[in-house]
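Each chain gets a letter, A, B and so on, in the order its sequence line appears, and its residues count up from 1.
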Amino acid sequence: MTVRTRFAPSPTGFLHIGGARTALFSWAYAKKHKGQFVLRIEDTDVARSTPEAVQAIMDGMAWLGLDHDEGPFYQMQRMKNYQQHLEALLASGDAYYCYSSKAELDALREQQVKDGVKPKYDGKWRPEAGKVLPETPADIKPVIRFNNPKDGTVAWDDLVKGRIEISNNELDDVIIARGDGTPTYNFCVVVDDWEMGITQVIRGDDHVNNTPRQINMLNALGATVPQYAHLSMILGSDGQKLSKRHGAVSVMQYHEDGYLPEAVLNYLGRLGWSHGDDEVFDIQQFCEWFDLDHITPSAAQFNTEKLNWLNAHYIKNADLNDLSVDITKRLVGLGVTVQAEPPINNVLELYRERANNLNQLAADIAYFYSVPEANANEVEKHITAEIKPVMAVMAETLKSTSWTAEAIHEVIAAAVKENALKFPKVAMPLRVMLAGIAQSPSIDQVMVVLGKETVLNRMASYLK
RNA sequence: GUCCCCAUCGUCUAGAGGCCUAGGACACCUGGUUUUCAUCCAGGCAACAGGGGUUCGACUCCCCUUGGGGACACCA
């Protein structure tokens with residue numbers, strides 16, 4: 001049987017890091033087994049679903065390169081399918097109408113919480129042998145509940161957590177259609193996973209409790225029960241649950257924050273999954289290696305340092321042209337326009353080694369295209385009255401120096417020797433004059449890339 | 001409260017009863033390379049939550065405790 005997995009977000013917000021990992025694992029599993037990956041939008045909560053959120057999710061997946069083979073399917077467009085199965089369930093007695101009002105249910109729940117018992121539907125409208133149902137209220141639009149088996153247990157072998165067994169008396173009769181007739185999540189998933197031929201349901205940990213009900217419904221429907229793999233959640237760096245006000249940011253935020261999708265993918269792939277001691281692997285390698293057997297069942301904390309480290313790796317190894325396109329955009333964001341000279345690729349070759357973030361990289365090289373504003377302390381510290389004459393002589397010599405790193409290095413070396421100075425004594429003021437700060441790659445190389453004219457101009461502005 | 005899940009260095013993890021004197025990676029510390037910073041290289045610090053079993057032998061299996069997380073909606 002060909003593997004079919006799915007990612008089924010509800011469009012009520014952006015694609016966050018946890019959702020992205022679920023999508024990645026689902027996607028990779030399909031790729032690994034040469035199967036299909038289905039994208040399904042669970043939008044039956046009309047009040048909270050928005051087209052913007054759909055777009056945000058698609059954007060996030062596109063950025064990560066998680067393409068789907070089928071879909072996106074929208075549940076709101078599949079009402080006929082749900083309706084049909086709803087009727088079948090009603091006809092077979094596996095579902096029934098419940099006329100309990102919301103207020104009634106709320107009161108019941110409140111009482112149960114107060115009594116310290118598990119909140120659960122009391123089964124008032126559940127048809128049972130020999131039971132006389134209450135009079136049907138005329139003013140209530142009934143919901144439809146699934147008639148969950150009363151006895152026995154439901155069990156499945158979770159591909160991540162192992163065997164899980166839940167007794168049916170823990171499960172209440174879940175509402176599968178609202179008063180207005182629209183089916184609810186628990187029913188739509190069941191129908192969709194079945195009709196879409198999903199073979200492995202890979203989803204978040206938070207669905208473990210829904211699984212037994214869904215299996216019961218699948219059985220009532222006479223459907224095939226897929227395999228389930230429940231991924232544990234990703235915690236914030238402080239060990240706390242990721243929430244909207246606490247670190248649950250959109251994956252697109254990582255783009256904005258200067259991360260390469262390759263780095264995020266590699267990081268997410270290694271979070272909760274492992275392949276021996278391997279740490280750095282690209283997406284192709286990940287797809288080849290990926291399996292459900294090596295997923296950690298416990299929750300994992302997000303660690304930005306490690307992401308940064310991977311980001312540095314991927315920046316170093318990025319295609320230079322791709323990198324320059326990205327950095328050029330970020331430079332625009334900083335108000336800096338990249339010019340033909342110096343060629344940005346040369347600049348990047350000089351600087352990419354030392355960056356672990358694209359925004360930082362852009363900021364670091366901005367001085368190649370705009371005159372940097374030097375920190376006053378740095379100027380005072382390095383461009384001293386004693387060194388200025390040395391710089392002036394050097395500037396003069398530089399005018400006729402052939403513009404290679406070697407030649408420039410010799411000029412600096414000569415200045416160092418003639419004035420009996422240490423190398424940094426000369427290199428530092430040069431850095432401040434040219435880059436605005438005292439840290440840079442080899443100063444001779446910086447000068448080569450910067451170009452003779454710019455170097456002379458910037459030096460001159462300090463030596464007036 | 002009830003049910004379910006989880007538990008190895010600070011963090012991500014390897015580990016499927018003897019290979020474990022518990023391995024790798026990030027972070028951190030030290031040293032080296034370097035023209036500063038960074039990179040890079042070498043080394044170091046650092047963990048099996050606790051208690052019972054099972055076994056000739058438990059990080060690995062079972063139970064309890066503790067701790068953490070999740071679920072309990074006419075949300076998904």
Side-chain angles (χ1 to χ4, degrees), chain A residues 8-12 42-45 47-49 75 98 100-102 105-106 109 112-120 141-145 158 160-162 164-167 169-172 174-186 188-189 203-212 230 232-233 235 237 239-241 267 270-280 293-294 296-310 312 316 351-356 364 382 409 412-413 416 422-428 430-431 437-445:
Chain A
S10 68
T12 54
E42 310 213 319
D43 54 356
T44 54
D45 184 356
R48 295 197 304 153
S49 298
Q75 290 186 322
C98 165
S100 294
S101 69
K102 255 183 224 180
L105 260 15
D106 287 344
R109 191 177 311 118
Q112 288 168 327
V113 170
K114 226 174 88 187
D115 295 346
V117 299
K118 184 172 184 164
K120 212 175 143 188
K141 287 198 167 249
V143 299
I144 300 175
R145 287 184 185 270
D158 197 275
V160 171
K161 295 179 184 292
I164 298 178
E165 198 168 330
I166 311 243
S167 85
N169 62 31
E170 286 297 328
L171 274 22
D172 60 356
V174 67
I175 292 173
I176 56 179
R178 302 177 175 90
D180 65 7
T182 58
T184 60
Y185 162 78
N186 269 300
C188 297
V189 196
R203 63 185 4 171
D205 219 348
D206 46 338
H207 288 292
V208 169
N209 296 271
N210 290 322
T211 307
H230 287 99
S232 52
M233 46 184 329
L235 273 20
S237 40
Q240 295 302 297
K241 188 191 176 180
Y267 179 73
R270 188 62 181 66
L271 191 63
W273 175 84
S274 62
H275 184 268
D277 288 341
D278 295 303
E279 295 285 348
V280 180
D293 302 336
H294 292 84
T296 319
S298 54
Q301 259 179 249
F302 193 87
N303 182 242
T304 308
E305 262 82 44
K306 195 151 182 178
L307 208 212
N308 288 343
W309 173 72
L310 280 166
K316 274 177 215 164
Y351 267 85
R352 66 183 336 191
E353 287 280 318
R354 45 209 302 124
N356 66 8
D364 284 352
H382 296 290
H409 180 79
I412 299 174
V416 166
K422 297 271 192 209
F423 198 102
K425 263 284 186 226
V426 179
M428 291 307 215
L430 274 173
R431 288 194 169 96
I437 57 170
Q439 291 80 38
S440 82
S442 290
I443 191 61
D444 45 12
Q445 290 187 43

Against the side chain of A/Pro119, the closest entry in B/rU35, B/rU13, B/rA73 is B/rA73

Are side-chain N/O atoms of A/Asn169 and A/Ser167 paired as donor and acceptor at under 3.5 Å?
-> yes

Under a 4.5 Å cut-off applied to non-hydrogen side-chain atoms, are A/Pro142 and A/Cys98 in contact?
-> no

Base, sugar-phosphate, or nothing: which does A/His207 touch, judged by heavy atoms less than 4.0 Å apart?
-> base

What nucleotide among B/rC74, B/rC72, B/rG24 has an atom nearest to a side-chain atom of A/Lys102?
-> B/rC74

Listed nucleotide nearest any side-chain atom of A/Ser274, set B/rU13, B/rC3, B/rA76 | B/rU13

When rounded to whole Å, the CD to P distance for the pair A/Glu165 and B/rC5 reads 10 Å

Please determine, for the side chain of A/Asn303, which listed nucleotide (B/rA73, B/rU11, B/rG69) has the closest atom?
-> B/rU11

Is there a donor and acceptor pair closer than 3.5 Å between the side chain of A/Asp278 and the base of B/rA25?
-> no

Kindly say whether A/Val426 contributes a backbone atom to a donor-acceptor pair with the side chain of A/Arg431 at under 3.5 angstrom?
-> no

Closest to the A/Arg270 side chain, choosing from B/rU39, B/rG24, B/rA14 = B/rG24

For A/Asp172 and A/Val174, indicate whether the former's side chain and the latter's backbone hold a donor-acceptor pair under 3.5 Å.
-> no

The nucleotide from B/rA76, B/rC26, B/rC5 with an atom nearest the side chain of A/Lys306 is B/rC26

Checking all strands, does A/Thr304 fall into the base, sugar-phosphate, or nothing category for heavy-atom contacts under 4.0 angstrom?
-> nothing

Describe the nucleic acid contact of A/Glu353 in one word from base, sugar-phosphate, nothing, applying a heavy-atom distance below 4.0 Å.
-> sugar-phosphate

A/Thr296 side chain, from C-beta outward: closest of B/rA76, B/rC40, B/rU13 | B/rU13

Would you mind classifying the nucleic acid contact of A/Pro441 as base, sugar-phosphate or nothing, using non-hydrogen atoms under 4.0 angstrom?
-> base

Among the nucleotides B/rA76, B/rU39, B/rU35, whichever has the atom closest to the side chain of A/Asp444 is B/rU35

Would you check if A/Gln112 and A/Lys118 make a side-chain contact, meaning some heavy-atom pair closer than 4.5 Å?
-> no

Using Watson-Crick geometry (N1-N3 plus N6-O4 or O6-N4) or G-U wobble (N1-O2, O6-N3), each under 3.5 Å, B/rA16 is paired with none

A/Ser442 near the nucleic acid: base, sugar-phosphate alone, or nothing, with a heavy-atom cut-off under 4.0 Å?
-> base

Base, sugar-phosphate alone, or nothing: which one does A/Val143 contact when heavy atoms must sit under 4.0 Å apart?
-> base

Taking only N and O in the side chain of A/Arg109, is any of them less than 4.0 Å away from OP1 or OP2 of B/rC74?
-> yes

For A/Arg178 and A/Pro183, indicate whether the former's side chain and the latter's backbone hold a donor-acceptor pair under 3.5 Å.
-> yes

B/rC3 -> Watson-Crick or G-U wobble partner, both distances under 3.5 Å, gives B/rG70

When all nucleic acid strands are considered with a 4.0 Å heavy-atom cut-off, which category describes A/Asn210: base, sugar-phosphate, or nothing?
-> base

Any side-chain N or O of A/Thr44 under 4.0 Å from OP1/OP2 of B/rA76?
-> yes

Under a 4.5 Å cut-off applied to non-hydrogen side-chain atoms, are A/Ile175 and A/Ile144 in contact?
-> no

Examine the base of B/rG70 for any acceptor or donor lying under 3.5 Å from a partner atom in the side chain of A/Asp206, and report the outcome as yes or no.
-> no

Give the nucleotide from the list B/rA76, B/rU35, B/rC4 with an atom nearest to the side chain of A/Ile166.
-> B/rC4

Within the structure shown, what part of the strands sits under 4.0 Å from A/Gly204 by heavy-atom distance: base, sugar-phosphate, or nothing?
-> nothing

With a 4.0 Å cut-off on heavy atoms, is A/Lys422 in touch with a base, just the backbone sugar-phosphate, or nothing at all?
-> nothing

Under 4.0 angstrom, heavy atoms only, what part of the nucleic acid is A/Ala300 near: base, sugar-phosphate, or nothing?
-> sugar-phosphate

Side-chain atoms of A/Gln301 come closest, of B/rC75, B/rC12, B/rC26, to B/rC12

Tell me whether the OP1 or OP2 atom of B/rA76 has a side-chain N or O from A/Arg178 closer than 4.0 Å.
-> yes

